[in-house]
Amino acid sequence: MNTLTIKCTFFLLAAIAFLSPVKNVTAQRTRASFNNNWKFKLDSLNDYSKPSANTRGWRTLNVPHDWSIEFPFDSASPTGNGGGALRGGLGWYVKNFTVPLASKNKIVSIDFDGVYMNSEVWINGHWLGLRPYGFSSFRYDLTPWLKYGTENNVIAVKVDNSKQPNSRWYSGSGIYRNVWLVTTDKIYIDHWGTFITTPVVNKNSATVHIAANIRHADDPQKNVIVTNIIYNAAGREVARKTSNSISLKDTVSGVAHDLTVTAPSLWSDTNPYLYKVVTQVMSDGKLIDAYTTPMGIRSFVFDVNKGFLLNGKPVKINGVCDHHDLGCLGAAINTRALERQLEILKGMGCNGIRTSHNPPAPELLDLCDKMGFIVMDEAFDMWKKQKNKYDYHLVWDEWHQRDLEDLILRDRNHPSVFMWSIGNEILEQWDSSGITIAKELAGIVKALDTTRPITSALNDPQPGNKIYQSGALDLVGFNYHHQNFADFQKNFPGQKFIGTETVSALETRGHYDLIPSDSLRRWPERWDKPFNEGNKDLTVSAYDNVSAPWGSTHEETWKEMKKYNFLSGQYIWTGFDYIGEPTPYPWPARSSYFGIIDLAGFPKDVYYMYQSEWTNKNVLHLLPHWNWKQGDTVDVWAYYNNADEVELYLNGKSVGIKKKTGDDLHVMWRLPFEPGTLKAISRKNGGTVLTKEVTTAGPAYKIELTADRKIIASGGDDVSFVTVKVLDKNGNLVPDAANLVQFEVTNGGSIAGVDNGNETSMESFKDNKRKAFNGLCLAVIKAGSKKGNIVLKATAPGLQTAQVNIISK
Ligand code: GAL
């Protein structure tokens with residue numbers, strides 16, 4: 001390069017910098033993935049904290065990583081089947097890395113989004129700290145102990161999940177969330193260093209209050225210039241403010257600006273419009289930091305009579321609770337897997353997520369911001385009183401303040417977060433200590449955020465509850481007790497309601513118990529059938545008629561919830577099945593039956609009840625399948641909407657027209673089984689809205705593969721979810737097919753996990769084969785570093801083979 005080219009390049013770069021400030025300014029700080037090339041070993045006997053520790057022969061892997069999901073299910077696992085019967089243990093992660101010389105005068109920090117649990121971290125033999133709570137995100141400053149240039153640095157992480165049980169559900173083990181290396185100037189926007197609120201929001205304008213904390217480890221006499229810029233979703237600047245002389249006397253100095261956005265596009269669950277705030281810091285004429293905070297502008301209130309109002313309009317919160325595992329991927333966070341879950345939920349009309357019962361992965365909130373979910377962000381499942389021998393109560397005194405503060409600081413800029421939950425089914429609700437602790441926790445939250453209400457999910461929702469009596473809650477959180485919804489205003493005058501947790505119905509996807517031939521005594525099934533008699537194969541019927549005794553069927557709760565405006569909404573237990581807590585069954589059941597969607601991501605029938613109620617799209621769904629024995633009497637249900645009636649035909653003959661009346665959420669025909677085709681037609685004003693057919697399937701004949709995405713990104717953790725169907729010759733799903741399907745992936749792809757949604761399957765999630773369950777199974781395909789055409793081939797003895805191509809880009 002000659003001088004002229006250098007100059008031209010310089011001017012060109014300067015021009016680009018001037019024209020596109022957002023892109024260029026971010027160069028001042030780097031946030032690089034620190035996920036790759038860790039060495040890993042399970043070893044509870046030796047200490048590997050010293051840089052000289054011998055890690056030869058250890059497994060090399062990339063995090064996020066969950067070692068528990070790799071274990072076989074084991075009835076003797078100390079986690080119990082509440083914990084998914086997968087073992088915990090103690091593991092070490094060690095990573096060697098270099099830091100460029102250019103970083104020498106900078107601050108280098110490591111951010112862990114989450115390590116389950118009791119992590120301790122060492123850099124070059126120096127102990128950085130301990131974090132017991134496996135759901136908290138945390139940072140360590142590495143700067144004082146780093147070596148630069150070609151010299152090697154060693155970071156060691158000890159993860160101790162050996163004391164069991166410590167969770168009521170599957171936790172996973174390891175560095176199961178992302179890790180980042182953050183490099184900044186010595187003067188920089190602090191960790192979680194901005195707080196953006198919108199004190200005034202209306203159609204014409206919004207006031208955006210931006211508070212930033214600037215940390216400095218430099219000359220205390222320095223002055224800096226701080227500018228806040230707001231960009232709209234198209235990347236266009238819409239507001240800016242600068243403070244020209246901020247003196248940095250303290251280690252952390254605060255700067256605040258009020259900016260005005262005219263005619264703001266408001267964030268909502270149906271239009272999740274995102275702005276971006278860039279906070280720039282200049283010193284000695286140089287841009288030394290630029291920090292981006294996503295922002296949504298919205299106003300909301302919980303009203304005593306009208307329920308939840310978003311931007312002035314009533315919106316029912318139709319949400320679900322979910323645990324953090326991602327089925328066969330375990331607890332290891334995968335953004336696409338989370339996005340898929342949210343897409344499936346959106347498809348049902350769901351608009352809310354409760355992060356039960358712990359701080360979520362940051363990516364979940366990013367997705368909820370983008371996709372429009374109303375989030376209840378929850379801190380704890382217990383306080384001082386234990387639910388399990390080794391759970392968080394052991395470290396409560398020392399850690400609860402820090403963990404709660406960190407949750408609020410990390411999450412308070414997310415427009416999707418609408419309420420804080422300080423705890424789930426806390427045992428102190430029956431004890432006067434509940435009053436003191438609730439007040440203390442509310443104080444911690446309010447010191448950091450007064451813009452969102454505080455609630456607690458309580459399973460004894462009566463006015464005498466000590467946690468309600470503390471006066472610390474802004475929203476009365478109800479777990480279950482739908483029978484008391486109607487009297488809420490009478491029992492809690494002047495207070496606001498949120499259904500923090502509801503329903504707890506139970507279903508196995510694709511399994512239906514028919515009317516018992518001996519008597520009609522148990523029909524419709526009672527909640528206690530699986531608890532008392534049970535099915536030998538540990539299934540639960542997928543007609544929505546079985547629930548936990550403390551809950552209800554889906555229909556029972558929704559009928560109450562939709563009746564009253566003052567009920568702001570609910571979070572149903574649960575959106576997806578999760579590993580662990582296989583209520584009502586013992587081993588070998590090992591995952592939950594509560595999901596509206598099974599563990600593999602296949603909707604159970606009741607998904608369509610919600611879809612018919614919560615979306616405007618036309619819905620007509622028939623259940624069950626049509627493969628029964630001659631002489632069986634079968635209840636056929638239809639969920640439908642946008643129609644006046646449904647007519648059902650069996651083998652061409654009408655068996656009657658049904659209409660929902662009163663508060664009905666489905667219609668039903670009781671029919672003697674005869675093989676052939678059931679056909680339903682929904683009609684409005686005499687015209688056909690939708691037609692649906694279910695045909696008796698013949699023997700399993702072929703496999704069908706459907707990839708949810710046919711193009712995925714190479715090199716990272718992108719995945720494609722491939723649904724495997726076992727079909728008969730005519731393409732009908734074989735409803736009881738259990739064929740063992742063998743997978744083969746070529747061209748650089750690999751299998752990240754397999755599943756079939758069966759709550760009792762003892763097969764490994766990490767395998768290249770899976771039995772179908774009620775006709776379906778799933779293979780999750782991951783691209784390698786290679787670009788090209790990945791081919792997934794599925795074979796099963798006696799079945800026609802199938803294959804699907806997935807492009808890795
Ligand atoms: C609730 C609890 C949840 C889950 C659920 C199962 O009482 O808050 O974590 O255990 O029951 O029905």
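Scope of the values below: all heavy atoms of this structure, side chains included, with no hydrogens, waters or symmetry mates. Read the numbers this way: they start at 1 and go in the same order the structure lists the ligands and their atoms. For this chain, numbers begin at 1 and follow the sequence in order.
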With [X] via side chain to side chain contact (heavy atoms under 4.5 Å, CB included) - residues at least two apart:
{"X": "Ala542", "result": "Glu507, Tyr512, Asp605"}
{"X": "Asp487", "result": "Lys490, Asn491"}
{"X": "Asp160", "result": "Leu90, Asn118, Ser162"}

Query - Test applied, side chain to side chain donor-acceptor pair (under 3.5 Å); reference residue, Asp381; option that passes from Asn388, Asn424, Asn358 - result: Asn424
Please tabulate protein-ligand N/O pairs under 3.5 Å for ligand 1, atom names and distances to 0.1 Å.
residue: ligand 1; atom: 7 (O); partner: Glu425; partner atom: OE1; Å: 2.6
residue: ligand 1; atom: 7 (O); partner: Glu425; partner atom: OE2; Å: 2.7
residue: ligand 1; atom: 8 (O); partner: Asn424; partner atom: OD1; Å: 3.3
residue: ligand 1; atom: 8 (O); partner: Asn424; partner atom: ND2; Å: 3.0
residue: ligand 1; atom: 8 (O); partner: Glu425; partner atom: OE1; Å: 3.3
residue: ligand 1; atom: 8 (O); partner: Glu425; partner atom: OE2; Å: 3.4
residue: ligand 1; atom: 8 (O); partner: Glu501; partner atom: OE1; Å: 3.0
residue: ligand 1; atom: 8 (O); partner: Glu501; partner atom: OE2; Å: 3.0
residue: ligand 1; atom: 9 (O); partner: Arg168; partner atom: NH1; Å: 3.4
residue: ligand 1; atom: 9 (O); partner: Arg168; partner atom: NH2; Å: 2.7
residue: ligand 1; atom: 9 (O); partner: His357; partner atom: NE2; Å: 2.6
residue: ligand 1; atom: 10 (O); partner: Arg168; partner atom: NH1; Å: 3.0
residue: ligand 1; atom: 10 (O); partner: Glu581; partner atom: OE1; Å: 3.2
residue: ligand 1; atom: 10 (O); partner: Glu581; partner atom: OE2; Å: 2.5
residue: ligand 1; atom: 11 (O); partner: Glu501; partner atom: OE2; Å: 3.4
residue: ligand 1; atom: 12 (O); partner: Ser504; partner atom: OG; Å: 2.6
residue: ligand 1; atom: 12 (O); partner: Trp550; partner atom: NE1; Å: 2.8

Query - Sub-6.0 Å ring centroid separation between Phe765 and Phe73 - result: yes
Requested in this report: Please state whether the rings of Phe566 and Phe488 are parallel, tilted or perpendicular, taking 30° and 60° as the class boundaries.
Outcome: parallel
